[in-house]
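Data block below; observations after.
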2 protein chains.
Amino acid sequence: MRVDSRRSPGQRAGLTRDAVLAAARAVLATDGIQCLTMRKLAERLGVRPNALYSHVTGKTELLDAILDDVLGEVATPAHDGDPRAELRRLMTSVHDVAREHPDLVPHYLAKRGLRGPNGRKLRAATEQLLARASLPPDKASEARRVLAVYAIGFAAFSETPPSGPVGDGAPPMRDSFATGLEWLLAGILGE
Amino acid sequence: MRVDSRRSPGQRAGLTRDAVLAAARAVLATDGIQCLTMRKLAERLGVRPNALYSHVTGKTELLDAILDDVLGEVATPAHDGDPRAELRRLMTSVHDVAREHPDLVPHYLAKRGLRGPNGRKLRAATEQLLARASLPPDKASEARRVLAVYAIGFAAFSETPPSGPVGDGAPPMRDSFATGLEWLLAGILGE
DNA sequence: ACCTGAACACCGTTCAAGT
DNA sequence: ACCTGAACACCGTTCAAGT
């Protein structure tokens, strides 16, 4: 809130890259992605807009970093559990995390997929589970893509439903997700 | 290209809503969604930016209209074919159309789903095929959502691959889509 | 290295005209 | 009804300073 702007060109504001990212996530959570602008972010941090560019190369990198942070919230699978059960838990966790950050999903889908470290970890974990389920590498690669598309893509449709009556007949989105996930797992791992 | 701008306040430019939409689709196809701005669109039409608002309420409505136009390109299913084969053809057509307009996919996924007339037609056609496959209504509703998420969501990942070597080992995206679609259809309709 | 001041090159949209 | 002129309230980003 306090903007002050009582700083002369030489003085520092004690800004950190982590502080910028944290503030951006806060704006995203409270006001949505429409309000996440470099200028509003700077104002919230009590700083001039261009000051952000000392800690972040630009808005795209900022969004990519937040996205990877969010991917870090996904629950890591156990190394010894049943692969099928672990795959179900992992993809459900991906879906839940994506649903908690719906504004980020379109940015994720706009071809800036799993480039960050947490994204790569997620990718490796999924591949490991599919390998433990004794899938050949090429089929595992296809299955990983199919599962990722499904879990993230479904979150984009899982927004708070339109302002109709309380229950409009259709089952809750999370149940539809679970149903479809079982179909996919049956196809991938066999009945 | 010609901007002229040699019109006085009273003169008309012969603009139509359809002409605006067509120009917008042309910009989208040649320059991408980043370049699709009201101002650039106006310039291409030889008109001042605010002139567009006589034919379109705003940019959001313009994108929604284009999106629904694009959905009209989806091949309509036959009324007498095998439901499973028709579902496969329909969802593949949805996927192909979405892939031809990758810039629109994030906008589609950003909760502006199937509100237009062509979107509703598509929705009805899918439900009819699922009913003909003798699915109960609630299961058909779940299946329709799952299929839509899968077909559209997959298109977001099917962009031209990064500039790696020609074949980087992974199978083409369209094959992965087909594989996953079979898994889903098996789960929905039974083996 | 980190910040300000000032500026550049843009946006979408509105509103009062003119014919 | 359809368009222009002018303006409003914004954007992301760069660049030359200052300490």
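Each chain gets a letter, A, B and so on, in the order its sequence line appears, and its residues count up from 1. If you're wondering where the values come from, they're calculated on a predicted model, not measured in any experiment.
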Using the C1' atom in both, what is the distance from C:dA1 to D:dA17, to the nearest Å?
-> 14 Å

Pairing string of DNA chain C (Watson-Crick or G-U wobble, both atom distances under 3.5 Å; | = paired to other strand) is ||.|||||...|||||.||

Keeping the roles fixed (side chain from A:Ser141, backbone from A:Pro137), state whether a donor-acceptor pair exists under 3.5 Å.
-> no

Distance below 4.0 Å between A:Arg12 side-chain N/O and C:dC3 OP1 or OP2 | no

Tell me: CG of A:Leu63 to P of D:dG12, nearest whole Å?
-> 10 Å

Verify, without hydrogens or angle tests, whether B:Asp64 (side chain) and B:Gly116 (backbone) share a donor-acceptor contact under 3.5 angstrom.
-> no

Taking C-beta and beyond as the side chain, do A:Asp103 and A:Gln34 meet within less than 4.5 Å on heavy atoms?
-> no

How many Å lie between CZ on A:Arg39 and C1' on C:dC10, as a whole number?
-> 11 Å

Determine, stepwise, if the pair B:Leu63 / B:Leu104 fulfils side chain to side chain contact (heavy atoms under 4.5 Å, CB included).
-> CA-CA 8 Å; B:Leu63 279 173; B:Leu104 249 30; 4.3 Å; yes

Base, sugar-phosphate alone, or nothing: which one does B:Ala13 contact when heavy atoms must sit under 4.0 Å apart?
-> sugar-phosphate

Under 4.0 Å: is that the gap between some side-chain N or O of A:Lys40 and OP1 or OP2 of D:dC11?
-> yes

Over how many whole Å does the gap from B:His55 atom NE2 to D:dC3 atom C1' extend?
-> 9 Å

Rounded distance (Å) that lies between atom P of C:dC3 and atom CD of A:Gln11 = 11 Å

Specify the separation, in whole Å, of atom OH of B:Tyr53 and atom P of C:dC11.
-> 12 Å

Here the gap from B:Leu135 atom CG to B:Leu129 atom CG, rounded to the nearest 0.5 Å, amounts to 11.0 Å

Closer than 4.0 Å, any side-chain N/O of B:Ser8 to the OP1 or OP2 of D:dT4?
-> no

May I have the distance from B:Leu15 (atom CG) to D:dT4 (atom P), rounded to whole angstrom?
-> 9 Å

Would you say B:Arg48 reaches D:dC3's phosphate, i.e. side-chain N/O to OP1/OP2 under 4.0 Å?
-> no

In whole angstrom, give the distance that lies between atom CG of A:Leu36 and atom P of D:dC11.
-> 11 Å

If the plane angle is over 60° it's perpendicular, under 30° parallel, otherwise tilted; pick one for B:Phe177 and B:His95.
-> parallel

Where the side chain of A:Thr37 is defined as all heavy atoms beyond and including C-beta, which of C:dT4, D:dC11, D:dC3 is the nearest nucleotide?
-> D:dC11

Taking the side chain as every heavy atom from C-beta outward, state whether B:His79 and B:Glu86 have any pair of such atoms under 4.5 Å apart.
-> no

A:Lys59 NZ to D:dT14 C1', in whole Å, measures 17 Å

